[in-house]
Each structure stands twice: as C-alpha cells, then as structure tokens.
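Report on one structure; see the data block that follows.
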Amino acid sequence: MQPETGGRSLFCWLTIALLVGLLVDDTGGVWKRREDKTKCPKVKGIRNFDISEFLGSWYIVQYYASSEEALAYRCMRAELSVSPESAEVTMNFTYSFTDDPINELLVGNITWKIPSSDSPAHWVHAEFPYEGVYNTYVLDSDYKSWALLMHCAEKSKSPRYLSSFIMSREESLGANVISYLREKLPRYDIDLEYMFPMDQKQCNKTEDLLIPPFIPIKKGYTSRRHPLKRKHRRS
C-alpha cells in the first residue's frame, strides 16, 4: 500500500506544478486572461470633477495614438467649451503636420455628450458620422496647470482605437508632472514608448483664429488623418 500512496502523492505534486506553470508566464508574472482588443478598457474618470474649472485653452504637450508609431503632428492646442443648452462638451483644436514645410495650421472639432451627471469626467461621442462607441475620460487634472485625457473608440469588427493627451495651460510642463501622468496610462494598455512629446515652438498664432463648424475634407488630404480620427481642413 505504501508505494501506491507515494505514487499518488507524486501525481498530485506534478499536477500542482503543471497548474502553477500555466498560471505564471515566462517573465515570472501571474497569468491573466487575454484582453479583448476590440473593446475599450474599463476606465474611471477623475472623482468630483468640476467641468467648469476644466474648460478653456490647453496645449497638448504629449500625445499617444494606438494607430501611430511616429508623431505626425506638432503645435496641437485645444479649446474646450460646454453648450449651455445641453450637456455637451466641444473641443475645437488646431495643429500642424510635422512634415509640412510651411507649418500650415489645420483646425477641427469634436463634440461629446455627458451621459450621466454623476460621472461628468466621462464623455461619449455625440456626432452621427462615427459608427461605434467613442469614449473620452478625464483621468486627472489640477485644472490650473495640467490634465490627462484618454480616448477610446470601438467599432464592430475592428481593433479598438486608443489615444491620450497630456495637456498643459502653458507651452511646457515640468518633467515630474509628466512622469506622474504617464504612469497612469499603462494600466489601460497604452504603450509609453509611443507617447510622444508635442513640439509647441514656432507655431502660427491662433489667439484670434475663429474655428468654424466642421467642413468636409479638401482634395489632396484624403490619405491624412487628424489626431481624433476625424476629417480636417485648412485654416
């Protein structure tokens, strides 16, 4: 009877070792269920968010997009406002392409609805041309100097689209603040290797620029895409 008991014990230990091997990857980390790359990650916006303090002008000082492996933009700036008639947030933004020798200024806009007054830091794309779900979250902000935005778009039978802005009220932001904000992004599957600094030097003046409603893309720009995957036009 003793040999049989020892055989059973050995079998049990081998089974446990096999299970542990399945649960631990080759880097020593604990195995996790494979994430669905077509769906947006679960995100919580900033608590006790005061949208009135968040509105106004921002410089985008770092930028990430899951569809881009190099920074295509420079001089990106945004102006946020809320419609008094409805719970909608509008971002008017300006930017240039990095490979444009004349640094031509482009403009665009995007509008979100605030689906719940209990979560004012979560916005959902409000315009009909986009066929899918487009979420935006304010992950963190001190309102006066810095902010962190994350966008995630879902479309049927397509990989999700992730993007993120580190924003500043000034043209630049301290390295310690940037590091603090960057550390919040990997948990949402954002690869910091492709989170690029945004050049804000020698930009065209935009203070007096009136940004009109959306206008269809002009011929000659059909292969280019603006930072939020919407059409753009010349200013």
Within-4.5 Å side-chain heavy-atom neighbours: Leu80 and Trp58: yes
Look at the side chain of Arg77 and the backbone N and O of Tyr95, then say whether any donor-acceptor pair between them is shorter than 3.5 Å. no
Distance col, row Tyr188:OH vs Cys152:SG, nearest 0.5 angstrom, shows 11.5 Å
Ring centres under 6.0 Å, that's the criterion: do His151 and Phe165 meet it? yes
Answer with yes or no whether the side chains of Asp142 and Ser145 bring together a donor and an acceptor at under 3.5 Å. yes
Check this for me: Glu170, atom CD, are more than 12 non-hydrogen atoms of other residues, nucleotides or ligands nearer than 6.0 Å? no
Does a side-chain heavy-atom distance below 4.5 Å link Trp146 with Ile166? no
What's the spacing between Gln62 CD and Ile178 CD1 if we round to 0.5 Å? 5.0 Å
Between Trp112 and Thr136, is there a side-chain donor-acceptor contact under 3.5 Å, judged purely by atom types and distance? yes
Would you say the ring centroid of Phe196 lies under 6.0 angstrom from that of Tyr63? no
Distance check, rounded to the nearest 0.5 Å: Leu173 atom CG versus Ser179 atom OG? 10.0 Å
Check Phe93 against Met91 and note the closest heavy-atom contact, atom names and distance. CD2-O, 3.7 Å
Minimum heavy-atom distance Val61-Ser172, with the two atoms named: CG1-CA, 4.3 Å
Would you say Tyr143's side chain and Asp50's backbone share a donor-acceptor pair under 3.5 angstrom? yes
When you measure from the side chain of Asn103 to the backbone N and O of Gln202, does any donor-acceptor pair fall under 3.5 Å? yes
Should Val89 and Ile114 count as side-chain neighbours, where that means a heavy-atom distance under 4.5 Å? yes
Ser116 side chain vs Asp118 backbone, donor-acceptor pair below 3.5 Å: yes
Does a side-chain heavy-atom distance below 4.5 Å link Arg182 with Met195? yes
Donor-acceptor pair, distance only, cut-off 3.5 Å: does the side chain of Arg74 make one with the backbone of Lys201? yes
Is there a donor in the side chain of Tyr73 and an acceptor in the side chain of Asp199, or the other way round, less than 3.5 Å apart? no
Taking every heavy atom of Ser141 against every heavy atom of Val138, the minimum-distance pair comes out as CB-CG1, 4.4 Å
Asn92 and Thr90, any side-chain heavy atoms less than 4.5 Å apart: yes
Testing the basics here: between Phe54 and Ala147, what is the closest heavy-atom pair and its distance to 0.1 Å? CE1-CB, 3.5 Å
Taking the side chain as every heavy atom from C-beta outward, state whether Tyr64 and Leu185 have any atom pair closer than 4.5 Å. no
Non-hydrogen side-chain atoms of Leu148 and Met167 separated by less than 4.5 Å: no
Can you tell me how far CG of Leu181 sits from CG of Asp140, rounded to the nearest 0.5 angstrom? 6.5 Å
Go through the steps to decide whether Thr94 and Leu106 satisfy the test side chain to side chain contact (heavy atoms under 4.5 Å, CB included), and finish with yes or no. CA-CA 6 Å; Thr94 59; Leu106 303 170; over 6 Å; no
Between Pro41 and Arg160, the two heavy atoms sitting closest are CD-NH1, 3.8 Å
Modelled atom types, side-chain donor and acceptor of Thr111 and Glu88, under 3.5 Å: no
Leu162 CG to Ile190 CD1 distance, which is reported to the nearest 0.5 Å: 5.5 Å
Counting N and O atoms only, with roles assigned by atom type, does the side chain of Gln200 sit under 3.5 Å from a partner on the main chain of Met76, one being a donor and the other an acceptor? yes
Pairwise distance CD1(Ile46) to NE2(His122) - rounded to 0.5 angstrom: 15.0 Å
Between Leu71 and Met198, is any pair of side-chain heavy atoms under 4.5 Å apart? yes
So which heavy atom on Cys40 is nearest to which on Ala153, and how close? SG-N, 4.0 Å
